[in-house]
There are 2 protein chains.
Amino acid sequence: MVTAAQRGQEVRQRLLRAAAELIVERGWTAVTTRVLAQRAGVAPGLVHYHFTSVQALLVEAAVEVARSVAAQTAPVLAGADSADEALTTLLGMFDTADGTDPTSVLFVEAYLAATRDERLRQALGEMLGQFRRQLADCLATHAVADPDATAAVLAAAIDGVLLHRALAAGPHGGALAAVLRRLVTAGPEGAR
Amino acid sequence: MVTAAQRGQEVRQRLLRAAAELIVERGWTAVTTRVLAQRAGVAPGLVHYHFTSVQALLVEAAVEVARSVAAQTAPVLAGADSADEALTTLLGMFDTADGTDPTSVLFVEAYLAATRDERLRQALGEMLGQFRRQLADCLATHAVADPDATAAVLAAAIDGVLLHRALAAGPHGGALAAVLRRLVTAGPEGAR
DNA sequence: ACCCTCCCTGGTCGATCGTCCAAGGCGAAT
DNA sequence: ATTCGCCTTGGACGATCGACCAGGGAGGGT
């Protein structure tokens, strides 16, 4: 037997999934109560029953997606045998993304919304810091110079490449990896 | 004597400036006819007199700002004596930006809006292509390997760094330049 | 003096917005 | 069987939205 509470949680999840889709399709500030409910297949009133506001729902949905992506990248960085391997595997995960794919657009939408929502900014800032730290640990283990700054730039470069792919075709696969590899193969003398 | 046509053009410019401000403050899809008019200090009806729609006004405003930034970077790339110098000067132009400054936010907002507006996507895509080409020419002149892919990655890295700065503090100035310099100082043997 | 053209005003239109709420439904506990 | 607590429904509220337009006003050409 399915309890009412279980059905309630499932509705919550459906609303979160609908929010993630609609942020991408319409843009953060254009996601409305009624469209959310329709996409989730529930009555409009349920949105404000399960969440205090539409904005709170969007924030929770975005953070959840970011968390799931972070959960995928973490083991890659922790288990790599070399900085080269970590880079290659990481790029492989994003190589099918063309900048207009749901995940890429959602991330950028969340970044922007974070400039206008302090809670979201803090949540995403912590996750970015965590990713940078994991990446820096990976680079430090494999003797890359200035691992902290390198990790920050590498993370930024990946996001930037995805951002630019939405506008115009850019380097993919091997060509992209070859350029980015310069960041992690320079020895300690790379820093002046 | 100020003719009516001159005043009309000035109102148009005021609306474009107001649009650029409001896109940053409120987000692309949250800029409304009436707020635009109020910020520009004109009657609401003028928005749809000078522009066919609010969306058209936003697109024109974003493209105009992008063009003015491109006009600032172009001479830097063309006149640099070395790839190092071009990189340093370029970074200097963006070093005061913290990711929440008007120009950075406007660019990202425009990138996102471009995924939902084909005209804007094409306009920004052309400008990105032009910037990449200028940067690639600069790199090629100073014997950097694989200038096209390097230029694309470098451009993406700069945008990515600005994007991430909005979420968390990142490398600035010398530390940032030191890492990015690896991209442009690797010789032809850098590509395996 | 006339008209023509363009700029501008201020308000109306139907649609849609976020939020809230009274009332109904239904399993679980008493 | 009754009560309790949570989930759910569908609509009401005032505010605001983009787009539109009838009409006023003021130079410039005739």
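Note on naming: letters A, B, ... go to the chains in the order of the sequence lines (proteins, then strands), and numbering restarts at 1 for each one. Every value quoted in this text rests on a predicted model; they were computed, and no experiment measured them.
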Discussion item. Tell me the interatomic distance from A:W28, atom CH2, to C:dG18, atom P, rounded to whole angstroms.
Written reply: 14 Å
Item to complete: Show your working on side chain to side chain donor-acceptor pair (under 3.5 Å) between B:T100 and B:D98 and close with a plain yes or no.
Response: CA-CA 5 Å; B:T100 62; B:D98 68 344; 2.9 Å; yes
Worksheet item: Strictly by modelled atom types, are B:R182 and A:T150 linked by a side-chain donor-acceptor pair under 3.5 Å?
Response: yes
Practice prompt. Find the distance B:L36:CG to C:dC8:C1' and express it as a whole number of Å.
Written response: 17 Å
Fill in: 5' precedence on DNA chain C between B:A43 and A:T33 (nearest-nucleotide basis)
B:A43
Worksheet item: Checking all strands, does A:G8 fall into the base, sugar-phosphate, or nothing category for heavy-atom contacts under 4.0 angstrom?
Response: sugar-phosphate
Practice prompt. Scan B:R7 against the nucleic acid and name what it touches under 4.0 Å (heavy atoms): base, sugar-phosphate only, or nothing.
Written response: sugar-phosphate
Practice prompt. Specify the separation, in whole Å, of atom NE2 of B:H48 and atom P of C:dG11.
Written response: 18 Å
Worksheet item: Taking atom C1' of C:dC17 as reference, at what distance in whole Å does atom CZ of A:R26 sit?
Response: 12 Å
Worksheet entry | Interatomic distance, A:Q38 CD vs D:dG10 P [rounded to whole Å] | 13 Å
Item to complete: Would you mind classifying the nucleic acid contact of A:T32 as base, sugar-phosphate or nothing, using non-hydrogen atoms under 4.0 angstrom?
Response: sugar-phosphate
Worksheet item: Does the pair B:R119/B:E126 count as a salt bridge with the N-to-O cut at 4.0 Å?
Response: no
Discussion item. Nearest heavy atom decides the nucleotide; on that basis, is A:L46 or A:R34 closer to the 5' end of DNA chain D?
Written reply: A:L46
Discussion item. Strictly below 4.0 Å, N to O, side chains only: are A:R67 and A:E64 in salt-bridge contact?
Written reply: no
Practice prompt. Kindly say if A:H50 contacts the phosphate of D:dT8, meaning a side-chain N or O under 4.0 Å from OP1 or OP2.
Written response: yes
Practice prompt. Could you check how far CD of B:Q9 sits from P of C:dC7, rounded to whole Å?
Written response: 8 Å
Response to the item:
Whole-Å distance, A:L15 CG to D:dT8 C1', equals 12 Å
Worksheet item: Quick one: B:Y49 OH to C:dG10 C1', roughly how many Å, whole number?
Response: 16 Å
Item to complete: May I ask you to say what A:V47 touches in the nucleic acid, namely base, sugar-phosphate or nothing, with a heavy-atom cut-off under 4.0 Å?
Response: nothing
Worksheet item: Less than 4.0 Å between a side-chain N and a carboxylate O, is that true for A:E10 and A:R14?
Response: yes
